[in-house]
Amino acid sequence: MAHDPTQTFEPADAPHLTIVEDGRSWRFALAPDGAWTLGRAEGCEVRLDDPAASRRHAELRCARGAATVVDLGSHNGTLVNGERLPAGGARPLAPGDVIGICATTIAYYAAVPRRRGARILDAADLHPTLAAELDRALSRGRRAGLLIAQLDGAGEPEALVRAVAGALRPSDVVAVDGATRVAAVVPEADADELAAVARRIRAAAPGLRLRTGAAVAPDDASDVAVLLAAARDAAATAPAGEHGTPTQAVRRLELGGKRILVAEPAMLRVYMLVERMAPSELPILVLGETGVGKESVVAAVHHLSPRRGGPLVAVNCAALPDTLAESALFGHERGAFSGATAAQPGRFEAADRGTLFLDEIGELSLAIQAKLLRALDDKVITRLGATTERTVDVRVVAATNRDLRAEISAGRFREDLYYRLGGAIVRVPPLRERPREVLVLARELLAQACARLDRPVPSLGVAALDVLARHAWPGNVRELRNAMDFAAAAADCDQLELWHLPAELAPPEPSDPPPSPSSPSPPTATNGPSLPSHFRPIADELRDLERRRMIQALTVAGGVQTRAAELLHMPRRTFVTRMREYDLHALFPRLT
């Protein structure tokens with residue numbers, strides 16, 4: 001039997017034999033190392049009275065706690081658990097095995113080896129093991145930890161595996177994760193517990209230069225690949241010899257009073273491209289879905305450029321009627337059209353020596369596109385109603401959620417303008433492709449919403465974190481911001497739970513199947529739906545539901561109390577009373 005150095009025996013549980021023969025039983029103690037002969041001869045350490053036994057019938061050998069029985073060529077043979085050994089044959093013994101020598105029964109007892117440290121897996125088993133643990137933990141509303149230990153330079157991966165395994169519990173698992181990394185799955189561990197594990201690993205391997213990082217589900221992610229990426233990044237960005245977390249790995253950009261958080265490698269590449277392009281005078285075209293954060297990219301372009309001392313002027317082209325677009329962009333002179341009582345500069349002049357941001361550029365008409373192209377080429381504009389040109393020093397950054405190439409093919413966008421605007425093209429990925437940023441942005445947006453309401457920031461419960469991490473976010477960052485604004489208004493406790501989120505985020509509740517005629521009994525703990533391990537007071541749940549529905553009704557009704565009360569089929573007087581109780585006037589200050 002191979003010896004496992006991670007196994008130890010308790011001193012009080014030394015191995016022994018219990019021998020039963022001719023109606024009596026007795027015990028023979030065994031040492032962890034040694035050999036003892038069983039038979040009828042005078043010199044046998046375990047002397048048997050059974051006349052059918054040979055004089056030297058068998059031998060029991062122990063080496064470092066592992067036992068083996070050897071038949072010594074006996075006449076009547078030696079049995080182990082009813083199976084006969086060949087003459088001169090040997091067989092390892094496990095605790096509880098029974099040796100049969102003729103009419104004598106000999107039971108071998110020893111302490112079951114107790115494993116110290118984590119179980120070591122093959123590298124291929126890491127992903128499925130982590131996936132199974134995430135499913136188990138999240139289905140029970142609990143956390144699961146993942147720790148990465150990474151060698152910093154040369155070192156023995158085997159030594160790192162032993163150090164990590166020795167610092168963990170038997171319920172944890174360890175696997176090699178690449179040439180220089182070891183991953184540990186730690187059930188029901190939070191960030192503080194993982195940091196303590198990291199300290200034990202460094203103490204167990206003082207000769208290894210390493211850094212550690214950890215991620216927790218669902219606090220950092222609910223997906224296997226995302227959790228692994230977050231923990232690896234936390235380890236890679238931690239200072240040498242120290243421990244990192246995904247929060248510490250987040251990049252924070254402060255641009256003109258606007259804070260931008262970057263946690264996803266794809267977004268980091270976007271801002272690295274912006275950083276390279278910003279110092280130039282190239283026009284930049286920012287592409288991405290609605291609500292994806294194109295405005296933040298434009299702000300970065302401006303504040304990282306030499307023009308940061310000048311104005312950043314934004315124009316929503318989708319909000320400009322075609323009849324007013326020329327005046328809004330290029331300005332007008334007095335009397336240029338009915339109502340033009342004074343000369344008015346346009347957005348180009350307002351952005352002189354700065355940056356002009358043309359949002360939703362694909363919404364401009366072809367006529368305005370032609371005039372815009374001339375302004376970009378010649379850097380001159382002519383006010384509506386004027387005969388003289390004005391020189392402008394403007395860098396143009398445009399953005400759109402449209403497929404401009406498809407618009408060109410359809411004849412709705414000028415190809416020459418597309419190439420003029422797209423000196424550099426920056427594509428911003430949607431939020432569903434930036435899973436590591438979802439929870440980072442959720443916490444940031446929740447904190448901002450609570451600050452506006454002058455409320456303390458609640459923590460995020462496990463169920464709420466899981467739902468936020470798994471949602472597809474078709475509305476991107478704008479949808480996430482709206483959800484956090486709603487949650488900040490709805491939550492009136494220290495922890496934000498699932499019922500504080502907008503209803504469209506909550507997963508559908510499974511409906512109970514109708515009872516079959518053969519089993520009409522009501523659900524029980526064994527045959528019915530799973531039951532929660534703890535309950536909130538029903539009165540608190542009802543108050544939360546009522547407050548949430550009132551906020552939804554007021555939002556739909558534009559803050560009009562009477563209309564909101566009608567939507568809920570609630571008497572207006574009751575509605576007004578509840579508004580005072582739930583302090584909703586702070587959320588909807590202009591109520592009628």
Side-chain angles (χ1 to χ4, degrees), residues 118 120-140 142-150 164 172-191 194 197-198 211-238 243-251 261-270 289 292 427-443 460 462-474 476-477 480 505 507:
I120 299 174
L121 302 177
D122 291 335
D125 294 329
L126 175 60
H127 278 248
T129 301
L130 179 56
E133 175 55 31
L134 291 187
D135 287 343
R136 186 199 68 80
L138 297 176
S139 66
R140 291 166 171 78
R142 298 176 181 175
R143 288 177 166 82
L146 177 67
L147 184 138
I148 297 289
Q150 178 174 315
V164 174
D172 305 329
V173 296
V174 174
V176 172
D177 181 38
T180 61
R181 292 191 304 262
V182 171
V185 180
V186 189
E188 301 189 20
D190 59 20
L194 293 174
V197 171
R211 60 189 79 201
T212 58
V216 178
D219 302 65
D220 300 307
S222 292
D223 176 81
V224 172
V226 179
L227 196 70
L228 269 169
R232 289 166 179 165
D233 195 33
T237 56
H243 181 70
T245 66
T247 301
Q248 295 168 347
V250 174
R251 284 75 169 176
L261 304 181
V262 183
E264 190 71 40
M267 285 302 291
L268 181 61
R269 289 192 292 271
V270 166
E289 296 177 5
V292 83
R427 290 181 173 84
V428 184
L431 190 55
R432 62 182 172 275
E433 295 177 8
R434 296 147 52 187
R436 289 172 58 186
E437 291 192 349
V438 171
L439 298 180
V440 172
L441 291 173
R443 291 187 177 93
L460 291 166
V462 171
L465 285 164
D466 191 29
V467 165
L468 291 172
R470 294 180 186 277
H471 186 61
W473 301 109
N476 293 297
V477 180
L480 179 59
L505 297 188

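The shortest distance between side-chain heavy atoms of E133 and L146 does not fall below 4.5 Å. Side-chain contact between R443 and L465 is present, with at least one heavy-atom pair separated by less than 4.5 Å. In this structure, the side chains of R434 and V477 come closer than 4.5 Å at one or more pairs of heavy atoms.
Between V226 and P435, the shortest heavy-atom distance links the atoms CG2-CG, 3.5 Å. V262 approaches E437 most closely through the heavy-atom pair CA-OE2, 3.5 Å. Listed here is the closest heavy atom pair of A184 and V164: CB-CG1, 4.0 Å. The shortest non-hydrogen separation linking A263 to V250 is CB-CG2, 4.0 Å. Across L480 and A442, no two heavy atoms sit closer than the pair CD2-N, 3.9 Å. Residues A214 and L194 approach most closely at CB-CD1, 3.6 Å, considering heavy atoms.
With sequence neighbours excluded, the residues satisfying side-chain contact (heavy atoms from CB on, under 4.5 Å) with A266 are E264, R269, P429. Evaluation of the side-chain contact (heavy atoms from CB on, under 4.5 Å) rule for L121 yields R119, D125, T129, V173, A175 as partners, not counting sequence neighbours. By the salt bridge (Lys or Arg N to Asp or Glu O under 4.0 Å) test, R432 is found to be paired with E289, residues two or more places apart in sequence or in another chain being considered. Applying the side-chain hydrogen bond (donor to acceptor under 3.5 Å, both in side chains) test to R211 and every residue at least two apart in sequence or in another chain returns D152. The salt bridge (Lys or Arg N to Asp or Glu O under 4.0 Å) search around E188 returns R136, R142, not counting sequence neighbours. With sequence neighbours excluded, the residues that form a side-chain contact (heavy atoms from CB on, under 4.5 Å) with A463 are L498. S222 is linked by a side-chain hydrogen bond (donor to acceptor under 3.5 Å, both in side chains) to D466, counting only residues two or more places apart in sequence or in another chain. Among residues two or more places apart in sequence or in another chain, the side-chain contact (heavy atoms from CB on, under 4.5 Å) test is passed with A198 by L147, R202, T212, H243.
Legend: salt bridge (charged side-chain N to carboxylate O under 4.0 Å, His left out) pairs involving residues 212-235, not counting sequence neighbours, sorted by first then second residue: R143-D219, D177-R232, D233-R251, D233-R436.
Of the listed residues (V462, V467, L460), just one forms a side chain to side chain contact (heavy atoms under 4.5 Å, CB included) with P218, and that residue is V462.
For the atom pair L130 CG and D135 CG, the distance stands at 9.5 Å (nearest 0.5 Å).
The backbone N or O of L431 lies less than 3.5 Å from a partner atom in the side chain of N476, making a donor-acceptor pair.
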